[in-house]
Novice: 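Below you'll find the structure I mean.
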Amino acid sequence: MSFAQKRFAFRRRAQRGQGMTEYIIIVALIAIAAIGVYAAFGGVVRGQTAVVASELAGGAGTAGARATATAGATAAATRAATNKNLSNYEDGNAGGAGGGGGGQ
């Protein structure tokens with residue numbers, strides 16, 4: 001095998017490895033984004049899923065959907081109205097929709 005052929009084979013393997021690395025980085029970023037979305041909207045998603053399951057079972061899910069939406073909107077408005085600064089930033093953050101964190 002000549003020097004040029006060896007060099008070409010090495011480059012092809014390096015590019016294949018680069019493609020796999022890029023794929024892994026993209027999958028990791030998607031996973032991090034999914035975790036963030038679930039942490040932000042986890043409670044609402046669970047409530048909506050419970051309402052759909054109730055309707056599929058033959059129950060009245062409309063009132064449950066309205067209650068879930070109202071509770072989520074109230075909780076979001078309360079959290080948005082809270083004035084945060086460096087002295088009280090961690091107060092109440094662990095108990096948000098979907099939970100998360102909890103510094104020690």
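Nothing here was measured: the structure is a model prediction, and the numbers come from that model.
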Novice: Met20, Ile25: one ILVMFWY side-chain cluster at the under-4.5 Å cut-off?
Specialist: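 No, because Met20 and Ile25 fall into different hydrophobic clusters, even though each may have its own neighbours under 4.5 Å.
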Novice: Rest of the hydrophobic cluster containing Ile26 (Ile/Leu/Val/Met/Phe/Trp/Tyr, side-chain heavy atoms under 4.5 Å)?
Specialist: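 Answer for Ile26: Ile30.
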Novice: Just jot down the side chain to side chain contact (heavy atoms under 4.5 Å, CB included) partners of Thr78, sequence neighbours excluded, or say none.
Specialist: Thr74
